Protein chains: 2
Amino acid sequence: MKEKQISGAVIARLPRYFRFLGELKDEGVEKISSRELSKLMHVTASQIRQDLNHFGGFGQQGYGYNVSFLYDEIAQILGLDHTHNLIVIGAGNLGHALAGYPNFEKRGFLIRGIFDINPGCIGSQIRGIKIRSMEELPEFVRVNRIDIAVIAIPKTAAVGVSQILVENGIRAIWNFSHVDLPVPEGVVVEDVHLTESLLKLSYNMTQETKGALRG
Amino acid sequence: MKEKQISGAVIARLPRYFRFLGELKDEGVEKISSRELSKLMHVTASQIRQDLNHFGGFGQQGYGYNVSFLYDEIAQILGLDHTHNLIVIGAGNLGHALAGYPNFEKRGFLIRGIFDINPGCIGSQIRGIKIRSMEELPEFVRVNRIDIAVIAIPKTAAVGVSQILVENGIRAIWNFSHVDLPVPEGVVVEDVHLTESLLKLSYNMTQETKGALRG
DNA sequence: CCTGTTTTTTATATATAATTAACAAATTGA
DNA sequence: TCAATTTGTTAATTATATATAAAAAACAGG
């Protein structure tokens with residue numbers, strides 16, 4: 001009954017476990033111990049065991065973890081046991097790239113629509129999905145029961161659009177705009193701030209250079 | 001003389017401070033206290049003060065922080081006081097989007113070349129930058145003193161390309177492929193694994209739904 | 001079909017790291 | 001001059017990661 005709060009750090013590692021297990025599964029590996037997996041992933045075996053134990057005892061003493069079973073369990077934990085309805089806001093370069101990425105569909109994230117303000121591109125298609133005008137957005141989200149919206153528009157427009165989305169029942173926003181979106185309790189936001197990622201890279205590179213100069 | 005090791009968590013927050021300070025600067029704000037900034041950024045004032053103090057005493061008691069000065073200081077810490085030479089590997093949807101993003105150039109990240117294996121697109125241009133064949137890559141990196149390579153190609157090719165890059169003196173890789181790149185000491189990698197980000201979003205959304213069902 | 005040894009998980013304890021709180025010292029501005 | 005601010009820094013708290021100990025299962029050999 002009581003909720004065990006799982007830390008964000010653990011959650012953030014889960015998709016990586018999932019990726020490695022998927023690869024092992026594809027290679028036909030049947031079982032793996034935390035020690036073997038730790039060598040593969042370059043994390044401690046202790047951390048792997050503790051992370052997985054937050055969600056249940058998936059392993060067996062003396063045996064290890066069954067790759068296929070663990071893979072399926074993590075898929076369920078990540079919410080991949082059913083499909084999700086997605087829309088992409090913004091048909092610029094980035095929106096185009098995201099809408100055209102086939103791997104998302106493989107995981108059950110189905111792109112139902114693309115929206116843009118530019119009249120020049122409205123009506124054209126990306127991978128068979130029509131680009132619609134922003135005026136259609138509110139009704140489309142409600143009628144098609146859209147779960148997730150991908151925001152790939154400039155920051156000046158992003159906050160306003162996110163409000164419209166929230167008002168019409170969106171449950172999650174994958175935010176690529178350079179702004180922190182204010183959303184009410186219950187709506188989930190995952191930020192991908194590419195510029196910030198590049199700046200982090202720049203910092204680390206600069207530090208390496210300094211280190212090299214010192215010897 | 002001795003190196004104070006600054007934690008990754010602090011580094012990861014630095015670009016966000018930089019973003020907010022940039023916005024304040026644009027709005028003409030001259031000074032700000034850690035308390036005001038904390039309200040704006042939704043972090044504790046204590047954390048702001050402690051984070052900034054890792055790099056130096058930029059503030060003044062009774063006054064706060066000078067926005068413009070602090071902005072410039074962080075820019076320097078992030079390595080933005082000089083330009084960087086970039087190349088993009090992969091002229092697919094994502095490579096296209098990244099190569100076409102004007103904000104990177106504004107921050108001093110200059111895209112010097114784009115590379116692809118597809119003969120169909122070699123020779124064409126993105127924002128005036130020619131797409132070249134992969135055979136030209138090694139020499140191009142050396143001759144043009146490329147600092148950073150953006151990897152936007154499938155994982156099957158990514159490891160091989162990263163080795164070529166390292167051999168020719170690349171110092172940092174911004175990795176969008178779904179694989180962990182093995183690089184030697186001194187070469188920096190920043191991963192942007194979009195699928196993993198989406199899975200994290202999916203998990204958090206799933207949890208919210210469960211929470212709502214319980215009431 | 002046991003049995004002892006090895007493997008490996010799970011549970012627990014310890015160590016490390018990160019965040020928040022507290023406060024003295026400095027500065028401002030009336 | 002003095003009260004109100006606000007930093008830099010030290011201390012306390014909380015969170016996270018690692019190491020250790022205990023329990024369970026597997027397996028080889030008789």
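Everything numeric in this text was worked out from a predicted model, so none of it was measured. Chain letters run A, B, ... following the sequence lines, proteins first, then strands; residues in each count from 1.
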Tabulate below the donor-acceptor pairs under 3.5 Å that side-chain atoms of residues 59-68 of chain B make, not counting sequence neighbours, or state none.
from	atom 1	to	atom 2	distance (Å)
B:Asn66	OD1	B:Ser68	N	3.2
B:Asn66	OD1	B:Phe69	N	2.9

>> Output the rounded distance in Å from CG (A:Asn66) to P (C:dT8).
In response: 15 Å
>> Holding to salt bridge (Lys or Arg N to Asp or Glu O under 4.0 Å), I want the full list of residues that pass it with A:Glu30, two or more places apart in sequence or in another chain.
In response: none
>> Restricting to salt bridge (Lys or Arg N to Asp or Glu O under 4.0 Å), what partner residues turn up for A:Lys31, sequence neighbours left out?
In response: none
> What pairs meet the salt bridge (Lys or Arg N to Asp or Glu O under 4.0 Å) rule with one or both residues in residues 144-154 of chain A, with sequence neighbours excluded?
Replying inline: A:Asp147-A:Arg171
> Quick one: what's the B/S/- string for nucleotides 3-14 of chain D, heavy-atom cutoff under 4.0 Å, read 5' to 3'?
Replying inline: --BBBBSB----
>> Measuring from atom NE2 of A:His84 to atom OG1 of B:Thr206, what distance do you get when rounded to the nearest 0.5 angstrom?
In response: 5.0 Å
> For D:dT18, does either OP1 or OP2 sit under 4.0 Å from a side-chain N or O belonging to A:Thr44?
Replying inline: yes
> When the distance from NE2 of B:His42 to P of C:dT20 is rounded to whole Å, what number comes out?
Replying inline: 14 Å
> Rounded to whole angstrom units, what separation is found between the CD atom of A:Gln47 and the C1' atom of D:dA19?
Replying inline: 13 Å
>> Can you measure A:Leu70 atom CG to C:dT8 atom P for me and round it to whole angstrom units?
In response: 16 Å
>> What is the distance, to the nearest angstrom, from the NE2 atom on A:His54 to the P atom on C:dT10?
In response: 13 Å
> Restricting to pairs with a member in residues 35-50 of chain A, which pass salt bridge (Lys or Arg N to Asp or Glu O under 4.0 Å), not counting sequence neighbours?
Replying inline: none
> Between A:Arg13 and D:dA17, does any side-chain N or O lie under 4.0 Å from OP1 or OP2?
Replying inline: yes
>> Show every salt bridge (Lys or Arg N to Asp or Glu O under 4.0 Å) that has at least one partner inside residues 51-75 of chain B, sequence neighbours left out.
In response: B:Arg13-B:Asp51
>> Holding to salt bridge (Lys or Arg N to Asp or Glu O under 4.0 Å), I want the full list of residues that pass it with A:Arg16, two or more places apart in sequence or in another chain.
In response: B:Asp180
Restricting to nitrogen or oxygen on both sides, can you table the protein-nucleotides 28-30 of chain D pairs closer than 3.5 Å?
none

>> For the backbone of B:Met205 and the side chain of B:Thr209, can you confirm whether one donor and one acceptor N or O come within less than 3.5 Å of each other?
In response: yes
>> Quick test of your reading: applying salt bridge (Lys or Arg N to Asp or Glu O under 4.0 Å), list the pairs with at least one residue in residues 82-92 of chain A, sequence neighbours left out, ordered by first then second residue.
In response: none
> What is the distance, rounded to the nearest whole Å, between atom CD1 of A:Ile48 and atom P of C:dT9?
Replying inline: 9 Å
>> Taking salt bridge (Lys or Arg N to Asp or Glu O under 4.0 Å) as the definition, give me every residue that meets it alongside B:Lys25, ordered by chain and number, with sequence neighbours left out.
In response: none
> the helix from C:dC1-D:dG30 to C:dA30-D:dT1: angle between its terminal axes, five pairs each, to 10°?
Replying inline: 20°
>> Rounded to whole Å, please give me the gap between CZ in A:Phe69 and C1' in C:dT9.
In response: 14 Å
